[in-house]
Amino acid sequence: FTVINSEPQTAPLAAAVRCVSSGSVDITVPLNFWAGKRRTSLEKRNRENVYEPATGRVLCHLEPCGAVEVDQAVESAKSAFSHWSKMSGMERARIMIETAHIIESRREEIAEIEVVNNGKSITEARLDVDSARLCIEYYAGLASTMAGQHVQLPGGSFAYTRREPLGVCVGIGAWNYPFQIAAWKSAPALACGNSMVFKPSPVTPATAVLLAELYAKAGAPEGLFNVVQGGQETGSLLCHHPDVAKVSFTGSVPTGKKIMEMASKGVKPVTLELGGKSPLLIFQDSEVENAVRGALMANFLSQGQVCSNGTRVFVQRDILPEFLEEVVKRTQAIEIGDPLLEHTRMGALVSRAHLEKVLSFVDQAKKEGATVLCGGEPFVPSDPKLRGGYYMTPCVLGDCTDEMTCVKEEIFGPVMSVLSFETEEEVLQRANDTTMGLAAGVFTSDVRRAHRVVAHLKAGSCFINNYNITPVEVPFGGFKMSGIGRENGQVTIEYYSQLKTVFVEMGDVDSLF
Ligand SMILES: NC(=O)c1ccc[n+]([C@@H]2O[C@H](COP(=O)([O-])OP(=O)(O)OC[C@H]3O[C@@H](n4cnc5c(N)ncnc54)[C@H](O)[C@@H]3O)[C@@H](O)[C@H]2O)c1
Ligand SMILES: C[N+](C)(C)CCCC=O
């Protein structure tokens with residue numbers, strides 16, 4: 001992609017060829033993309049530093065797009081739409097499949113840039129790139145299945161429905177899964193015949209533009225997938241733009257409310273993928289080994305910065321000591337450090353400010369009576385180049401109660417709150433006692449209990465005997481304040497298309513006048 005200036009690695013390269021190392025990357029190329037090219041922003045005044053979480057170094061500068069650039073990007077998307085929307089699903093699929101092939105061949109480069117910009121481990125970043133590719137492949141498969149219905153009416157007349165694209169769609173992303181979010185939004189949008197302008201989080205601007213380059217390289221018409229950089233002002237310009245037909249947003253609940261309000265001015269549909277404070281219920285008949293693994297997956301992926309995390313871990317009282325012993329042992333064994341190293345399992349949090357916020361939640365928990373069973377401290381790696389990075393030790397909080405701040409609020413960091421319970425009825429009531437409803441999980445060996453419990457859980461994604469897996473074939477999205485609409489799965493076609501009904505009269509007009 002020629003996006004980086006990277007010092008050559010001095011150590012001999014191992015089997016998996018490493019192109020970059022932490023602390024060696026400067027991104028100097030423009031990060032916007034429209035009308036088929038990378039573009040610089042015109043506005044230089046609001047230039048912001050973007051940091052490498054692993055080291056705390058400045059990685060690049062963000063120059064937010066203003067009204068002129070947003071207009072150009074939307075214009076470019078409009079022009080691509082007029083061509084792309086007339087292509088058949090099979091033709092669109094071919095370009096999407098080609099994009100997926102290129103992503104596969106560039107998996108390592110994309111994952112490395114994601115790590116450098118986001119701080120997550122390379123192992124996880126590779127899985128995120130895979131999820132992005134699979135999503136594009138999946139919707140390529142669905143592109144040609146978009147079809148309407150034929151409805152017979154009296155006298156040989158009939159009606160039919162056409163499933164049509166919406167137009168220029170806007171995607172606005174969060175910083176925790178930058179490349180994956182761009183793919184999860186663009187794949188269904190493009191499959192349905194829409195074009196897109198995507199705005200990544202200003203904290204993680206580096207990889208969405210790679211996706212734009214790859215769609216273009218695969219043969220997408222100029223302007224099909226565009227990237228504009230910026231924060232809330234750029235986002236607001238996009239949401240208010242009269243030529244934008246839909247906004248798909250991933251981020252926090254407060255921002256989601258603003259997006260909905262802005263979109264309502266133009267009566268534009270929204271998809272909102274928002275925050276969570278999800279419960280994980282572990283019954284005494286569970287396989288404790290699996291339940292512990294599930295609890296770790298529910299809390300520590302991506303340094304705990306995952307919307308669907310099951311951060312309220314309810315454990316039935318009889319197995320609480322056994323569960324806690326094992327979960328603490330495994331949490332303490334998580335290898336923290338350079339996210340580009342193969343053996344690292346937990347990298348750096350996304351920013352200094354966010355690290356401090358997460359640590360202050362741990363302090364607050366202590367003040368409110370929770371017991372820190374492990375972690376919850378800043379972590380300084382021994383490698384001198386990582387000393388300015390944003391690391392902390394993953395934390396397990398015991399003796400938690402429902403009214404504590406750590407149990408009520410989304411921390412968005414590696415902090416697990418463990419609570420105990422006695423009965424199924426009681427834990428269901430407590431699990432559902434939240435304004436959010438993104439995900440929930442249950443561990444039990446009793447199949448009837450498992451289904452009975454998930455039927456009562458008020459959450460968009462429920463996991464039985466596992467947690468935080470998101471196959472792209474399956475819809476993902478929240479109940480209550482965790483969002484509106486779904487991403488992934490067949491149903492998402494409905495969120496990026498509209499139905500047109502056509503009446504066909506085969507006889508004479510039966511006029512009343
Ligand atoms: N449900 C999901 O799929 C999902 C996935 C990832 C993250 N999240 C949630 O995202 C949050 C963390 O991400 P974040 O800190 O980037 O969220 P955020 O709400 O601060 O920002 C998200 C995006 O919105 C943009 N934005 C901010 N104000 C805006 C405005 N007024 N108009 C238009 N755009 C605006 C930001 O620049 C960014 O691109 C957490 O709450 C997390 O749970 C949800
Ligand atoms: C792939 N995960 C880990 C389930 C994350 C989904 C997207 C939410 O942040």
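Excluded from the calculations below are hydrogen atoms, water molecules and symmetry mates; all remaining heavy atoms, backbone and side chain alike, are included.
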Flag, side chain of [X] to backbone of [Y], donor-acceptor distance under 3.5 Å:
X	Y	result
E410	G275	no
Y138	Q490	yes
S482	M436	no
E368	T405	yes
Q303	A348	yes
Q305	V350	yes
N117	E52	no
Y390	G347	no
K277	E409	yes
E98	A218	no

Which donor-acceptor pairs under 3.5 Å do the side chains of residues 351-359 make with protein atoms, sequence neighbours left out?
residue	atom	partner	partner atom	Å
S351	OG	H354	N	3.0
R352	NH2	G388	O	3.3
H354	NE2	F412	O	2.7

Can I get a per-line list of side-chain donor-acceptor pairs under 3.5 Å for residues 287-298, giving both atom names and the distance, sequence neighbours left out?
residue	atom	partner	partner atom	Å
E287	OE1	N290	ND2	2.7
E289	OE1	R330	NH2	3.4
E289	OE2	R293	NH2	3.3
E289	OE2	R330	NH2	2.6

Once rounded to the nearest 0.5 Å, what's the spacing between atom [atom1] of [X] and atom [atom2] of [Y]?
X	Y	atom1	atom2	answer
R133	I103	CZ	CD1	8.5 Å
I122	H343	CD1	NE2	13.0 Å
C307	L274	SG	CG	9.5 Å
E124	D128	CD	CG	7.0 Å
C135	E473	SG	CD	10.0 Å

Within the 3.5 Å criterion, strictly below it, is a donor on T123 or R345 matched to an acceptor on the partner's side chain?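 A donor-acceptor contact under 3.5 Å links the two side chains.
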Under 3.5 Å, is there a donor on one side chain and an acceptor on the other for N468 and S308?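 Per modelled atom types, N468 and S308 side chains form a pair under 3.5 Å.
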Name the atoms and distances for all side-chain donor-acceptor pairs under 3.5 Å in residues 250-260, with sequence neighbours left out.
residue	atom	partner	partner atom	Å
T250	OG1	K185	NZ	2.8
S252	OG	T255	OG1	3.0

Give a yes or no on whether a salt bridge exists between D402 and R312, defined as a side-chain N under 4.0 angstrom from a carboxylate O.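 No salt bridge links D402 with R312.
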Quick one: do R430 and E426 make a salt bridge, cutoff under 4.0 Å?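 Salt bridge flag = yes for E426 with R430.
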After noting the C-alpha distance and the side-chain angles of F476 and T492, does the key distance pass the side-chain contact (heavy atoms from CB on, under 4.5 Å) rule? CA-CA 9 Å; F476 178 80; T492 298; over 6 Å; no
For this output row, return yes or no: ring centroids of F283 and F314 closer than 6.0 angstrom.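 Between F314 and F283, which both carry aromatic rings, the centre distance is not below 6.0 Å.
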Contact between [X] and [Y] at the side-chain level, heavy atoms closer than 4.5 Å - yes or no?
X	Y	answer
V453	L428	yes
F361	C406	no
F198	S248	no

Kindly indicate, with the supporting measurements, whether the criterion side-chain contact (heavy atoms from CB on, under 4.5 Å) is fulfilled by N432 and L457. CA-CA 6 Å; N432 285 330; L457 285 169; 4.0 Å; yes
Take atom [atom1] of [X] as the centre, draw a 6.0 Å sphere, and report whether it contains more than 12 heavy atoms from other residues, nucleotides or ligands.
X	atom1	answer
K458	NZ	no
E326	CD	yes
E425	CD	no

Residue among E342, E109, E104, E112 satisfying salt bridge (Lys or Arg N to Asp or Glu O under 4.0 Å) with R126: E342
K329 and E325: salt bridge (Lys or Arg N to Asp or Glu O under 4.0 Å), yes or no, with the steps? CA-CA 6 Å; K329 193 172 89 194; E325 189 185 330; over 6 Å; no
Would D338 and S22 count as a side-chain hydrogen bond (donor to acceptor under 3.5 Å, both in side chains) here? Give the steps. CA-CA 7 Å; D338 188 337; S22 292; 2.7 Å; yes
In terms of heavy-atom contacts, A206 and I113 come closest through CB-CG2, 3.7 Å
Please name the residue in the list Y139, Y215, Y496 that meets the side chain to side chain donor-acceptor pair (under 3.5 Å) test with S186. Y215
Run the side-chain contact (heavy atoms from CB on, under 4.5 Å) test on R57 and D26 for me, step by step, so that the C-alpha distance in whole Å, both residues' side-chain angles and the decisive distance to 0.1 Å come before the verdict. CA-CA 9 Å; R57 280 175 80 239; D26 295 304; 3.0 Å; yes
Are N49 and H61 close enough, and set up right, to give a side-chain contact (heavy atoms from CB on, under 4.5 Å), and what steps lead you there? CA-CA 5 Å; N49 288 341; H61 295 99; 3.0 Å; yes
Only distances under 3.5 Å count here; give the side-chain donor-acceptor pairs of residues 371-385 to other protein atoms, sequence neighbours excluded, each with its distance to 0.1 Å.
residue	atom	partner	partner atom	Å
T371	OG1	D399	OD2	2.4
D383	OD1	K385	N	3.1

Residues that L127 engages under side-chain contact (heavy atoms from CB on, under 4.5 Å), provided they are two or more places apart: D130
What residues, two or more places apart in sequence or in another chain, satisfy side-chain contact (heavy atoms from CB on, under 4.5 Å) together with N466? I469
